[in-house]
Engineer: 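Structure below; questions to follow.
What you see is a predicted model; the values in this text were computed from it and never measured.
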Amino acid sequence: MDFDGSEQDPEMKTYSTVCVGREDDIKKSERMTAVVHDREVVIFYHKGEYHAMDIRCYHSGGPLHLGEIEEFDGRPCIVCPWHKYKITLATGEGLYQSINPKDPSAKPKWCSKGIKQRIHKVTVDNGNIYVTLSDEPFKCDSDFYATGVYKVIQSSSR
């Protein structure tokens, strides 16, 4: 276990950068999907910034590319269309509203569940969009749906 309670993944690899499309195309649609080194990702373009993450929601495998982007507590999030889970675009944190049950006049506040969705690096060069898969050495909840039998796109090597 790591200091933050996450498990270390000894099989994490270092991946090369992959071109997934053209900048003009994603700016029009504000999102695109791609398979990068056998991993399905969604790339968002929101308010002048690019964000990439695993395509399936950490909670139950919902299709994040079909969700809406909304702001919660000043943080842009993708809202999973299946169960309305909120995931920050920048960090992959799961957000929820909390209230103090002992204070009847308390207002709900936004809190973090920690990093739940694996995010990936996006770079732009000469009008091309590139994604580099995360090499962070901890397991994210979204890894469950991005690897193994729960992947939507299976490797041809099976």
Side-chain angles (χ1 to χ4, degrees), residues 4-6 9 12 15 17-101 106-136 138-155:
D4 64 356
S6 63
D9 185 355
M12 283 302 295
Y15 293 101
T17 300
V18 174
C19 182
V20 296
R22 298 283 302 158
E23 190 174 16
D24 293 341
D25 295 333
I26 193 172
K27 282 185 175 179
K28 288 177 195 165
S29 64
E30 297 183 341
R31 66 188 68 198
M32 66 186 301
T33 62
V35 178
V36 178
H37 295 293
D38 208 29
R39 191 173 189 114
E40 296 167 288
V41 298
V42 58
I43 303 98
F44 297 105
Y45 179 72
H46 180 72
K47 294 188 176 181
E49 294 183 352
Y50 294 94
H51 305 276
M53 62 179 55
D54 289 344
I55 199 168
R56 297 282 165 196
C57 178
Y58 72 90
H59 167 247
S60 195
L64 294 180
H65 63 291
L66 300 178
E68 296 296 323
I69 295 175
E70 298 179 33
E71 297 231 354
F72 298 95
D73 200 28
R75 294 180 275 185
C77 298
I78 185 70
V79 178
C80 180
W82 282 6
H83 302 109
K84 307 305 180 206
Y85 276 56
K86 291 127 181 84
I87 304 164
T88 62
L89 294 179
T91 64
E93 289 176 88
L95 297 183
Y96 68 99
Q97 278 193 309
S98 174
I99 193 165
N100 181 352
K107 293 182 180 179
K109 66 177 186 172
W110 287 100
C111 300
S112 172
K113 297 177 186 178
I115 296 174
K116 298 293 187 178
Q117 195 76 19
R118 188 169 298 279
I119 59 168
H120 308 287
K121 182 180 177 184
V122 180
T123 53
V124 180
D125 184 31
N126 204 21
N128 293 314
I129 303 290
Y130 296 89
V131 172
T132 307
L133 294 181
S134 168
D135 61 359
E136 293 295 324
F138 59 86
K139 289 190 178 190
C140 282
D141 291 3
S142 67
D143 292 343
F144 182 78
Y145 294 100
T147 59
V149 297
Y150 293 98
K151 283 175 47 174
V152 174
I153 298 175
Q154 296 296 329
S155 172

Engineer: Please confirm whether the backbone N or O of Tyr58 pairs with a side-chain atom of Gln117, one donor and one acceptor, at under 3.5 Å?
Structural biologist: yes
Engineer: Any donor-acceptor pair under 3.5 Å linking the side-chain atoms of Tyr15 with those of His37?
Structural biologist: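 No - no donor-acceptor pair under 3.5 Å links their side chains.
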Engineer: Can you tell if the side chain of Glu71 reaches within under 4.5 Å of the side chain of Cys77, non-hydrogen atoms only?
Structural biologist: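 Contact flag for Glu71/Cys77 side chains = no.
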Engineer: Does a side-chain N-to-carboxylate-O contact under 4.0 Å join Arg39 and Asp143?
Structural biologist: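 The answer is yes: the pair qualifies as a salt bridge.
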Engineer: Could you check whether any side-chain heavy atom of Ile115 comes within less than 4.5 Å of a side-chain heavy atom of Cys140, counting everything from C-beta outward?
Structural biologist: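 Yes, their side chains come closer than 4.5 Å.
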Engineer: Kindly compute the distance separating NZ (Lys113) from OG1 (Thr88), expressed to the nearest 0.5 Å.
Structural biologist: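 Here the rounded value is 12.0 Å.
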Engineer: Nearest 0.5 angstrom please: Ile119 CD1 to Lys121 NZ, how far?
Structural biologist: 12.0 Å
Engineer: When His59 is tested against each of Tyr85, Tyr145, Trp82 for side chain to side chain donor-acceptor pair (under 3.5 Å), which residue passes?
Structural biologist: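 Result: among Tyr85, Tyr145, Trp82, Tyr85 is the only option passing the side chain to side chain donor-acceptor pair (under 3.5 Å) with His59.
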Engineer: Checking His120 side chain against Met53 main chain: does a donor-acceptor pair fall under 3.5 Å?
Structural biologist: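 Pair absent, no side-chain N/O of His120 close to backbone of Met53.
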Engineer: For the residue pair Ile129 and Val124, establish whether any side-chain heavy-atom pair is separated by less than 4.5 Å.
Structural biologist: yes
Engineer: What heavy-atom pair brings Phe72 and Trp110 nearest, and what distance separates the two atoms?
Structural biologist: CD2-CZ2, 3.2 Å
Engineer: Do Arg118 side-chain atoms and Asp54 backbone N/O form a donor-acceptor pair below 3.5 Å?
Structural biologist: no
Engineer: Establish, from distance only, whether the side-chain atoms of Thr91 and Glu93 form a donor-acceptor pair under 3.5 Å.
Structural biologist: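 Glu93 and Thr91 do have a side-chain donor-acceptor pair below 3.5 Å.
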Engineer: Are side-chain heavy atoms of Thr132 and Thr17 found at a separation under 4.5 Å?
Structural biologist: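 The answer is yes; the side chains approach within 4.5 Å.
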Engineer: Rounded to the nearest 0.5 Å, how far apart are NE2 of His65 and CZ of Phe44?
Structural biologist: 9.0 Å
Engineer: Between CZ of Phe144 and OG of Ser60, what distance do you get to the nearest 0.5 Å?
Structural biologist: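 That separation rounds to 9.5 Å.
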Engineer: Does the side chain of Leu95 reach to within under 4.5 Å of the side chain of Asp73, using non-hydrogen atoms?
Structural biologist: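 They are not in side-chain contact.
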Engineer: Nearest 0.5 angstrom please: Lys86 NZ to Ser112 OG, how far?
Structural biologist: 14.0 Å
Engineer: Heavy atoms only: give me the nearest Ser98-Cys111 pair and the separation to one decimal.
Structural biologist: CB-SG, 3.6 Å
Engineer: Hey, could you give me the CG/CD1 distance between Leu89 and Ile69, rounded to the nearest 0.5 Å?
Structural biologist: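 Leu89 CG to Ile69 CD1: 5.0 Å, rounded to 0.5 Å.
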Engineer: Before you tell me yes or no, could you show the steps for Val18 and Val131 under side chain to side chain contact (heavy atoms under 4.5 Å, CB included), namely the whole-Å CA-CA distance, both residues' side-chain angles and the distance that decides it to 0.1 Å?
Structural biologist: CA-CA 5 Å; Val18 174; Val131 172; 5.7 Å; no
Engineer: Going by atom types alone, do Glu23 and Tyr45 pair a side-chain donor with an acceptor below 3.5 Å?
Structural biologist: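 Their side chains do not contain a donor-acceptor pair, so the 3.5 Å distance test is not met.
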Engineer: Can you see which heavy atom on Val41 is nearest to which on Leu133, and at what distance?
Structural biologist: CG1-CD2, 4.1 Å
Engineer: Determine the minimum heavy-atom distance between Gly62 and Cys80, stating which atoms define it.
Structural biologist: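 Taking Gly62 first and Cys80 second, the nearest heavy atoms are CA-SG, 3.8 Å.
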Engineer: Locate the shortest heavy-atom distance separating Cys19 from Asn128; write the atom from each residue and the value.
Structural biologist: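 Closest heavy-atom pair between Cys19 and Asn128: SG-CB, 3.9 Å.
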Engineer: Backbone N or O of Arg31 within a donor-acceptor pair of the Ser29 side chain at under 3.5 Å?
Structural biologist: yes
Engineer: Within a reach of under 6.0 Å around CD of Glu68, are more than 12 heavy atoms found that belong to other residues, nucleotides or ligands?
Structural biologist: no
